[in-house]
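This report concerns only the one structure given below.
Note that ligands are numbered from 1 as they come in the structure, with each ligand's atoms numbered from 1 the same way.
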Amino acid sequence: MALTLVIGNKTYSSWSLRAWLALRQTSAPFQEIRLALDTPEFARDIGRWSPSRRVPALQDDDVLVWESLAIGEYLAERFPAAQLWPADPSTRAYGRAISHEMHAGFPDLRNCLPFNARRQYRGFTVPTQAQADIARIGAIWREARQRYGAAGSWLLGGFSLADAMYAPVALRFHTYGVAVGAVEQAYIDTVLAHPPIQEWLAASRAETEVLPHEEQFDSTGEQVP
Ligand SMILES: N[C@@H](CCC(=O)N[C@@H](CS)C(=O)NCC(=O)O)C(=O)O
């Protein structure tokens with residue numbers, strides 16, 4: 001098989017999910033190699049696939065791509081029929097801008113609300129530090145849906161790389177019960193109903209590894225001492 005995607009734990013690796021969603025959207029068959037994070041196996045094998053020693057990484061015959069957004073861009077070129085970017089240049093430019101903003105930013109959200117596809121906390125209080133990131137993400141989703149959303153239920157209408165980038169954020173909001181407006185909630189619902197997302201969540205629930213530094217809260221959302 002020509003395509004191999006190397007990913008981390010489905011529970012913890014939001015960057016892996018981004019590349020995996022983009023690849024699933026192409027409908028191309030691929031081999032999935034899961035290297036569990038923070039294990040001796042990861043340390044032993046990752047260098048074979050990824051010069052940055054991070055997941056995700058995509059091997060397509062003799063082409064190796066790492067970095068989730070670069071993988072998405074590669075797939076958009078390799079599989080044009082998948083329409084991972086919209087045809088209209090200005091919509092595409094907007095989609096790229098918000099995707100890069102996601103890829104390069106929101107460190108407070110990432111630090112304070114670690115990705116955890118297996119959990120759903122009740123009563124979690126969003127730290128003040130993360131509130132500006134959450135507000136900016138809400139503004140992006142509302143603007144994208146207002147400008148481009150008429151053609152479908154994704155950020156730019158049809159599913160695009162922008163959704164591959166923001167779907168893990170929607171899952172984070174779901175995990176932590178972040179209070180959002182109606183437009184943002186509708187987008188979260190779209191993400192949750194996406195069959196590949198359901199598949200990813202089911203696979204996450206079947207995983208057995210527990211990374212303590214990613215499990216900072218008890219079931220009520222209280223910080224574990
Ligand atoms: N900017 C990278 C981030 C990749 C990344 O941080 N991956 C994490 C897992 S989500 C990783 O491989 N961590 C392993 C390590 O740091 O040892 C991307 O977009 O792909």
Side-chain angles (χ1 to χ4, degrees), residues 3-26 30-60 63-78 84-85 95-119 130 133 137 140 155 160-176 191 196-197 199-201 203-216:
L3 286 161
T4 300
L5 184 68
V6 185
I7 60 172
N9 311 49
K10 289 186 170 166
T11 303
Y12 301 120
S13 184
S14 62
W15 298 112
S16 297
L17 172 56
R18 292 178 169 100
W20 186 89
L21 277 175
L23 185 48
R24 283 298 301 269
Q25 194 66 18
T26 69
F30 66 96
Q31 180 194 14
E32 181 181 302
I33 295 182
R34 196 188 75 109
L35 295 179
L37 298 165
D38 288 0
T39 60
E41 294 72 31
F42 187 95
R44 184 191 64 208
D45 295 342
I46 189 60
R48 179 178 162 215
W49 299 104
S50 174
S52 68
R53 301 190 63 82
R54 287 175 180 246
V55 285
L58 178 75
Q59 180 93 50
D60 182 14
V63 178
L64 175 65
V65 196
W66 61 102
E67 287 289 326
S68 55
L69 192 48
I71 292 170
E73 291 284 4
Y74 177 79
L75 293 171
E77 288 186 359
R78 170 88 157 75
L84 285 168
W85 284 128
R96 283 202 164 106
I98 62 172
S99 296
H100 281 257
E101 189 174 344
M102 168 65 245
H103 193 236
F106 306 123
D108 291 324
L109 177 81
R110 293 216 294 270
N111 290 335
C112 297
L113 284 66
F115 183 78
N116 194 321
R118 210 157 46 192
R119 303 294 291 265
D133 281 356
I137 289 162
I140 290 171
L155 292 175
S160 74
L161 286 184
D163 300 298
M165 296 308 289
Y166 280 95
V169 181
L171 291 186
R172 261 191 170 92
F173 283 16
H174 181 67
T175 292
Y176 291 89
V191 169
I197 287 283
E199 197 184 308
W200 181 277
L201 294 178
S204 157
R205 287 191 290 273
E207 288 180 341
T208 53
E209 301 95 357
V210 175
L211 294 183
H213 60 276
E214 306 285 7
E215 302 280 349
Q216 299 175 11

Specify the closest pair of heavy atoms between Arg34 and Glu207, including all atoms of both residues, with the distance to one decimal.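 Smallest interatomic distance, heavy atoms only, reads NH1-OE2, 2.8 Å.
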Which pair of non-hydrogen atoms, one from Pro114 and one from Glu214, has the smallest distance, and what is that distance?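 Taking Pro114 first and Glu214 second, the nearest heavy atoms are CB-OE1, 3.4 Å.
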Does only the side chain of Phe42 get under 4.0 Å from ligand 1, or the backbone, or both, or neither? Count heavy atoms.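 The part of Phe42 near ligand 1 is the side chain, not the backbone.
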Which of the atoms in ligand 1, numbered in the order shown and given with their element, are less than 4.0 Å from a heavy-atom of Pro56?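 Atoms satisfying the 4.0 Å criterion: 20 (O).
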Closest protein heavy atom (residue, atom, distance) for [atom]:
atom	answer
atom 10 (S) of ligand 1	Ser13 OG, 3.1 Å
atom 13 (N) of ligand 1	Leu37 CD2, 3.9 Å
atom 6 (O) of ligand 1	Arg54 NH1, 2.9 Å

For ligand 1 and [X], I'd like to know whether there is a polar contact (N/O to N/O, distance under 3.5 Å).
X	result
Glu67	yes
His103	yes
Ser68	yes

The one among Asp38, Val55, Val6 that brings a heavy atom closest to atom 4 (C) of ligand 1: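 Selected option, by shortest heavy-atom distance: Val55.
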Under a plain distance cut-off of 3.5 Å, with no hydrogens placed, do Glu215 and Tyr12 share a side-chain donor-acceptor pair?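 Glu215 and Tyr12 do have a side-chain donor-acceptor pair below 3.5 Å.
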Any side-chain donor paired with an acceptor under 3.5 Å for Tyr176 and Arg119?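 No, Arg119 and Tyr176 have no side-chain donor paired with an acceptor closer than 3.5 Å.
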Spell out, as yes or no, whether a donor-acceptor pair under 3.5 Å connects the side chain of Ser13 to the backbone of Asn9.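 A pair under 3.5 Å: no.
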Trp15 backbone acceptor or donor facing Ser68 side chain under 3.5 Å: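 Not at all, since once roles are kept as given, no pair shorter than 3.5 Å links the two residues.
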Roughly how far apart are Leu17 CG and Met165 CE, rounded to 0.5 Å?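 If I round to the nearest 0.5 Å, the distance is 10.5 Å.
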